[in-house]
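A short write-up of the structure that comes next.
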Amino acid sequence: MISRIDLRGDALPDGPALRDLLPRADFDVSAALEKVRPICEAVHHRGDAALIDFAEKFDGVRLESVRVPAEALSDALEQLDPAVRAALEESIRRARLVHREQRRTTHTTQVVPGGSVTEKWVPVDRVGLYAPGGRSVYPSSVIMNVVPAQEAGVGSVALASPPQADFGGLPHPTILAACALLGVDEVYAVGGAQAVAMFAHGTESCAPANMVTGPGNIWVAAAKRYFTGRIGIDTEAGPTEIAVLADDTADPVHVAADLISQAEHDPLAAAVLVTDSVTLADAVEKELEPQVAATKHIEDRIAPALAGRQSAIVLVDGVEEGLRVVNAYGAEHLEIQTADAAAVADRVRNAGAIFVGPWAPVSLGDYAAGSNHVLPTGGCACHSSGLSVQSFLRGIHIVDYTRNALADVAHHVVTLAEAEDLPAHGAAVKARFVGDEQMSRGWKVPGK
């Protein structure tokens with residue numbers, strides 16, 4: 001059901017050689033890029049008409065309009081199962097607690113008397129958020145995108161999710177209900193690459209956005225890459241990943257359940273156990289069979305995900321070596337189920353999110369820990385972070401110097417400008433001191 005990779009003894013290399021030995025899904029965004037190009041161009045040139053045609057082609061529904069009417073949002077919330085509503089409200093409450101603390105404040109540094117640099121943080125004006133709607137429905141992704149944008153102070157928030165033939169061409173009603181709970185009233189029944197293109201270019205119905213965030217399939221990822229530079233993006237999200245670093249203190253029932261929990265997302269989902277305990281590895285492998293048999297989505301998602309090249313049990317000599325492996329892997333979600341798990345977790349450098357001990361499963365983070373579940377995949381955790389309030393903020397430096405403060409450093413500016421063979425840079429400083437004999441001594445004053 002799941003393969004093994006033995007990295008014990010002399011089999012554990014360093015650097016790129018180690019990364020190359022670790023399991024990873026095939027996810028070729030470059031190849032998908034050429035396929036989404038005509039979709040993105042069609043939306044650019046034909047606007048809403050292209051979106052309606054693509055909904056018919058890809059989603060099997062002919063829309064009259066891509067904008068979801070306000071009454072559909074209120075109706076979805078009114079008809080929402082009370083238990084689901086309570087769970088969504090608690091998820092929103094916890095996410096707001098965490099993300100509100102991330103807001104940065106303006107800070108001024110007095111560099112010298114009369115010279116200061118202030119950094120102020122300004123939210124982007126408008127964001128387009130994407131909530132997937134393929135194999136599953138993800139109201140949790142609505143929360144994870146909307147809450148940090150709102151807490152950052154973004155003034156205009158719009159959301160797109162694929163139209164569903166089963167719901168009259170509207171996005172899934174739980175998606176709509178989550179939007180209503182969050183106060184998002186600009187919602188579009190648009191999926192895939194065409195949704196990203198709608199936000200990037202704008203159409204008759206939808207104003208263009210400065211930024212697009214949210215997880216999606218390979219076509220969404222490719223469209224994000226296509227528009228990078230025109231819009232800001234969070235990440236090119238690939239298939240979901242879980243890595244578990246565990247020793248013989250871990251419960252194999254918990255570990256198996258957690259591996260399966262991520263495998264049920266997608267046949268390309270990665271489930272990786274890194275352990276120094278053959279006993280645990282054997283027990284987890286034995287436990288997978290009955291747990292998989294007892295769940296849903298076996299043939300189309302879980303079984304191929306666990307059997308795929310992206311999933312494995314990786315054997316190492318000890319927790320120290322296990323840390324080297326998980327840091328090389330850079331998992332989207334990393335569980336630490338070892339003795340003294342908090343201390344081990346503190347030594348992890350590369351992970352989208354870290355879950356410490358037996359009572360913090362990834363599922364908690366997916367819904368109600370307060371953390372964000374929009375996280376870097378494909379090893380990108382070595383250089384990228386998950387979605388947060390910071391994702392929607394821009395830091396702007398404000399430079400404020402008096403004449404005397406500039407005079408004190410002017411000779412350094414001129415020297416560096418001349419060292420870079422950019423004399424006009426130095427001249428821009430000299431021009432401010434024309435007639436000042438002390439300052440201009442040795443300078444060639446512009447126009448003289």
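Atom CE in Met1 sits 9.0 Å away from atom CD1 in Ile302 (nearest 0.5 Å). In this structure, the separation between CG on Asp75 and CG on Leu176 is 10.0 Å, given to the nearest 0.5 Å. Separating the CZ atom in Arg103 from the CD atom in Gln390 is a distance of 9.0 Å, to the nearest 0.5 Å. Atom CG in Leu21 sits 12.5 Å away from atom CZ in Arg24 (nearest 0.5 Å).
In terms of modelled atom types and a separation under 3.5 Å, the side chain of Ser391 and the main chain of Ser388 share a donor-acceptor contact. Put simply, the side chain of Glu332 never gets that close to the backbone of Gly352: no donor and acceptor are under 3.5 Å apart. Proximity of a side-chain donor or acceptor of Ser311 to a complementary backbone N or O of Ala305 within less than 3.5 Å is detected. The main-chain N or O of Pro173 is never found under 3.5 Å from a side-chain atom of Gln79 such that the two would form a donor-acceptor pair. Using a distance-only test at 3.5 Å, with no hydrogens or angles considered, no donor-acceptor pair links the side chain of Thr109 to the main chain of Val111. For Glu241 (side chain) and Ala271 (main-chain N/O), no donor-acceptor pair under 3.5 Å exists by modelled atom type. Judged by distance alone, with hydrogens and angles left aside, the side-chain atoms of Thr228 form a donor-acceptor pair with the main-chain N or O of Lys224 at under 3.5 Å. Side-chain N or O atoms of Ser261 include one that pairs as donor or acceptor with a backbone N or O of Asp258 at under 3.5 Å. For Gln310 (side chain) and Ala269 (main-chain N/O), a donor-acceptor pair under 3.5 Å exists by modelled atom type.
No more than 12 heavy-atom neighbours from other residues, nucleotides or ligands sit within 6.0 angstrom of CD on Glu64. Residue Phe58 places its CZ atom among more than 12 non-hydrogen atoms of other residues, nucleotides or ligands, all under 6.0 Å distant.
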(request) Begin from the C-alpha positions of Leu245 and Thr275 and carry the test side-chain contact (heavy atoms from CB on, under 4.5 Å) through to its verdict. (result) CA-CA 6 Å; Leu245 176 58; Thr275 184; over 6 Å; no
(request) For Glu89 and Leu181, run side-chain contact (heavy atoms from CB on, under 4.5 Å): C-alpha distance rounded to whole Å, both residues' side-chain angles, the deciding distance at 0.1 Å, then the answer. (result) CA-CA 8 Å; Glu89 288 175 336; Leu181 281 174; 3.7 Å; yes
(request) Start with the C-alpha gap between Arg94 and Glu90, add the side-chain angles, then the distance that decides, and say whether salt bridge (Lys or Arg N to Asp or Glu O under 4.0 Å) holds. (result) CA-CA 6 Å; Arg94 294 184 179 209; Glu90 181 62 12; 2.7 Å; yes
(request) Could you check Gln262 against Thr240 for side-chain hydrogen bond (donor to acceptor under 3.5 Å, both in side chains), going step by step and ending with a plain yes or no? (result) CA-CA 7 Å; Gln262 293 305 297; Thr240 190; 3.0 Å; yes
(request) Test side-chain contact (heavy atoms from CB on, under 4.5 Å) on Ser91 and Ile143 and set out the steps. (result) CA-CA 8 Å; Ser91 178; Ile143 295 169; 3.6 Å; yes
(request) Go through Arg62 and Glu56 one step at a time and tell me if the salt bridge (Lys or Arg N to Asp or Glu O under 4.0 Å) criterion holds. (result) CA-CA 5 Å; Arg62 185 73 184 178; Glu56 185 170 25; 2.8 Å; yes
(message) Would Thr108 and Ser116 count as a side-chain contact (heavy atoms from CB on, under 4.5 Å) here? Give the steps.
(response) CA-CA 7 Å; Thr108 298; Ser116 67; 4.0 Å; yes
(request) List the steps and the verdict of salt bridge (Lys or Arg N to Asp or Glu O under 4.0 Å) for Lys296 and Glu264. (result) CA-CA 8 Å; Lys296 194 178 177 182; Glu264 77 172 338; over 6 Å; no
Using a 3.5 Å cut-off and no angle test, enumerate the donor-acceptor pairs between side-chain atoms of residues 315-329 and protein atoms at least two apart in sequence or in another chain.
residue, atom, partner, partner atom, Å
Asp317, OD1, Gly9, N, 3.3
Asp317, OD2, Gly9, N, 2.8
Glu320, OE1, Arg347, NH1, 3.0
Glu320, OE1, Arg347, NH2, 3.1
Glu320, OE2, Arg347, NH2, 2.6
Glu321, OE1, Gly318, N, 3.0
Arg324, NH2, Pro13, O, 3.1
Arg324, NH2, Asp14, OD1, 2.4
Asn327, OD1, Arg349, N, 2.7
Asn327, OD1, Asn350, N, 3.1
Asn327, ND2, Leu323, O, 3.2

Donor-acceptor list for residues 203-213 side chains, cut-off 3.5 Å, not counting sequence neighbours:
residue, atom, partner, partner atom, Å
Thr203, OG1, Asp48, OD1, 2.6
Thr203, OG1, Ser205, N, 3.3
Thr203, OG1, Cys206, N, 3.3
Glu204, OE1, Asp48, N, 2.9
Ser205, OG, Asp48, OD2, 2.4
Asn210, OD1, Asp125, N, 3.4
Asn210, OD1, Arg126, N, 2.9
Thr213, OG1, Asn145, OD1, 2.7

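Counting only heavy atoms from C-beta outward, the side chains of Pro162 and Gln164 approach each other to under 4.5 Å. Looking at Trp219 and Val196, their side chains never come closer than 4.5 Å, going by heavy atoms from C-beta outward. A heavy-atom distance below 4.5 Å is found between the side chains of Glu151 and Val147. A heavy-atom distance below 4.5 Å is not found between the side chains of Thr106 and Trp121. Side-chain contact between Ile242 and Glu335: present, with at least one pair of heavy atoms (C-beta onward) separated by less than 4.5 Å. Proximity of Val154 to Val157: side-chain heavy atoms (C-beta onward) are separated by under 4.5 Å at one or more points. Inter-residue side-chain proximity for His99 and Gln150 is flagged as unmet; no heavy-atom pair is nearer than 4.5 Å. Between Arg309 and Asp26 the shortest side-chain heavy-atom distance falls below 4.5 Å.
Minimum heavy-atom separation, Ala189 to Val68: N-CG2, 3.9 Å. Closest heavy-atom contact between Gly169 and Val61: CA-CG2, 3.6 Å. Heavy-atom minimum distance, Ala221 versus Ala237: CB-O, 3.9 Å. Minimum interatomic distance between Ala360 and Val356 (heavy atoms only, all atoms of both residues): CB-O, 3.5 Å. For the pair Val344 and Ala339, the tightest heavy-atom approach, listed with the atom from each and the gap, is CG2-O, 4.0 Å. The two atoms that bring Arg230 and Ala200 nearest to each other are NE-O, 3.2 Å, heavy atoms only.
Thr118 and His397 are not linked by any side-chain donor-acceptor pair at a separation below 3.5 angstrom, with hydrogens and angles left out of the test. Between the side chains of Gln194 and Asp53, no donor-acceptor pair of N or O atoms lies under 3.5 Å. No side-chain donor-acceptor contact under 3.5 Å links Glu34 and Tyr226.
Residues Glu236 and Arg225 are paired through a salt bridge, judged by an N-O separation under 4.0 Å between the basic side chain and the carboxylate. Classification of Arg104 and Glu119 as a salt-bridged pair fails, no side-chain N sitting under 4.0 Å from a carboxylate O.
Checked against the 6.0 Å centroid criterion, the rings of His201 and Phe227 qualify as a close aromatic pair.
Using a 30° and 60° split on the angle between ring planes, Phe199 and Tyr188 fall in the perpendicular class, above 60°. By the 30° and 60° cut-offs, the orientation of the rings of Tyr138 relative to His265 is parallel.
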